[in-house]
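Presented below is the structure to which this report refers.
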Amino acid sequence: MRHLTAALAATAVLVTTAATPATAGQAAATPAPPSPASVLPSSASEPPSSVSVKVRPGTSKGTGALTPIAGADRLVAPLGVDPACPARIDIGLRSDAKKAGYATAAVEVDPPLTASRAMLTSYLPPGYELSAKLLVAVPPGTAEGTYGLRLRTSTRSLEVPVEVMPVDRLDNGGNVALRRPVTASSQHTNANYPPCSVADGDRSSNGWAGGNGWNDATARSFPDTVAIALGGARQISRVDLYTLDTERYPAYRYGVRDWDVQVQVGGQWQTVAQVRGNTAGNVRSDFAPVTADAVRVVVLASNGANDYTRIIEVEVR
């Protein structure tokens, strides 16, 4: 089975704001890459990325078996998206054994799809579960259809269907930016901050520095921009922005503070909303309906003394 490439392992104005605190930071212009298991010192600049394999107490079923588990009963993998933002799913194992030991499962996916790991394994106490993110990439030219993703232990297996379809057929819940092409003014290279992640449908800051969220490359230098092509002319009247926000790295210290929301009409950018003095993790901007083929966020300032632009998700409705 083929693996993901190194790139996957290694991109009239009315404003209403809805508050939730926000996260993440960098103190040096060229900080070191975060260590997955490290604890960030107070003098460092960015939070650690999520641990690749997590072990936690689970609910034993008393079967004495090692049981494969998944975070969803299916995975939707859109065609033609940026390879830096593949489809993601949580996979794991639950130990119902009476003694601690190594829990191992093989990870298989039907070609031509590729997966970020071929095996899931960890030392596991009885009644505990382990989990990890699995990335599934769709190579160019892949046919639409349903493919198989399987987790196999020595005695059990779990199959999760992978539905490959064009972006236009996704159930986007009204968010016309979902999985659309994204371009940014710059991209920090010291961790995994792909611009495409601002349109991947994941609003959580938990995957920061691990592929979920964009960080620009120019500390204390503004403006920074991120633009989303909408795949054609769409009538829109709202943009929701999610900036980095966790308990340890709140938005009021590490999130974006000032920005303009712009739309592209007839090849020209127009400002339709402005946000100033933000300290929240999520901000909703409403404006008069307009037909546009792209949306751009122009960041003018972030919170904190040594700051970058940090955006988790942008939704357009």
Side-chain angles (χ1 to χ4, degrees), residues 1-11 52 70-91 106-120 132-151 159-173 175-189 191-202 207 210-215 217 225-234 264 293-296 311-316:
M1 182 184 73
R2 294 181 295 170
H3 298 277
L4 287 178
T5 63
L8 290 179
T11 265
S52 59
D73 58 6
R74 71 177 186 128
L75 176 64
V76 176
L79 286 162
V81 301
D82 191 320
C85 293
R88 297 169 179 243
I89 188 171
D90 290 320
I91 61 171
V107 180
E108 304 170 354
V109 64
D110 290 345
L113 308 188
T114 59
S116 57
R117 62 169 68 234
M119 180 179 294
L120 179 63
K133 287 282 185 187
L134 183 72
L135 313 182
V136 178
V138 182
T142 300
E144 294 181 47
T146 301
Y147 297 77
L149 167 64
R150 291 167 294 280
L151 309 178
E159 180 150 356
V160 178
V162 181
E163 299 180 15
V164 174
M165 64 180 67
V167 173
D168 286 335
R169 286 182 48 206
L170 293 179
D171 179 4
N172 61 22
N175 172 22
V176 297
L178 182 65
R179 289 295 192 172
R180 296 296 179 179
V182 180
T183 55
S185 52
S186 65
Q187 177 186 345
H188 207 297
T189 58
N192 191 8
Y193 303 111
C196 56
S197 66
V198 306
D200 66 359
D202 189 347
N212 190 39
W214 168 61
N215 195 120
T225 61
V226 61
I228 305 172
L230 302 180
R234 316 281 182 185
Q264 184 172 260
D293 56 19
V295 167
R296 183 167 70 178
I311 296 177
I312 300 297
E313 192 76 8
V314 178
E315 298 179 350
V316 181

Between [X] and [Y], which heavy-atom pair has the shortest distance, and what is it?
{"X": "A217", "Y": "S186", "answer": "N-OG, 2.9 Å"}
{"X": "A294", "Y": "A229", "answer": "CB-CA, 4.2 Å"}
{"X": "P166", "Y": "L79", "answer": "N-CD1, 4.0 Å"}
{"X": "R117", "Y": "I91", "answer": "CD-CD1, 4.2 Å"}

Check your understanding: With the threshold set at 4.0 Å, does a side-chain nitrogen-carboxylate oxygen contact exist between R179 and D200?
Key ->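 No, this pair does not count.
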
Point to revise | NZ/NE/NH1/NH2 to OD/OE distance under 4.0 Å, R180 and D168 | key: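 A salt bridge links R180 with D168.
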
**Study point:** L151 and L120: CA distance, side-chain angles, deciding distance, side-chain contact (heavy atoms from CB on, under 4.5 Å) verdict
**Key:** CA-CA 9 Å; L151 309 178; L120 179 63; 5.9 Å; no

Practice item. Run the numbers on R296 and Q264 for side-chain contact (heavy atoms from CB on, under 4.5 Å), then give the verdict. Key: CA-CA 8 Å; R296 183 167 70 178; Q264 184 172 260; over 6 Å; no

Could you tell me the separation between the [atom1] atom of [X] and the [atom2] atom of [Y], rounded to the nearest 0.5 Å?
{"X": "S197", "Y": "Q187", "atom1": "OG", "atom2": "CD", "result": "8.5 Å"}
{"X": "E159", "Y": "R74", "atom1": "CD", "atom2": "CZ", "result": "15.0 Å"}
{"X": "L75", "Y": "L113", "atom1": "CG", "atom2": "CG", "result": "9.0 Å"}
{"X": "N192", "Y": "C85", "atom1": "CG", "atom2": "SG", "result": "8.0 Å"}

**Study point:** Test log, rule side-chain contact (heavy atoms from CB on, under 4.5 Å), inputs T146 and V162
**Key:** CA-CA 5 Å; T146 301; V162 181; over 6 Å; no

Between [X] and [Y], is any pair of side-chain heavy atoms under 4.5 Å apart?
{"X": "V160", "Y": "D73", "answer": "no"}
{"X": "V226", "Y": "T183", "answer": "no"}
{"X": "I89", "Y": "L149", "answer": "yes"}
{"X": "R150", "Y": "D110", "answer": "yes"}
{"X": "S116", "Y": "L134", "answer": "yes"}
{"X": "N212", "Y": "I312", "answer": "yes"}

Check your understanding: After noting the C-alpha distance and the side-chain angles of L230 and D293, does the key distance pass the side-chain contact (heavy atoms from CB on, under 4.5 Å) rule?
Key -> CA-CA 5 Å; L230 302 180; D293 56 19; 5.5 Å; no

Any sub-3.5 Å donor-acceptor pair from [X]'s side-chain atoms to [Y]'s backbone N or O?
{"X": "D90", "Y": "A70", "answer": "no"}
{"X": "W214", "Y": "H188", "answer": "no"}
{"X": "E315", "Y": "A177", "answer": "no"}

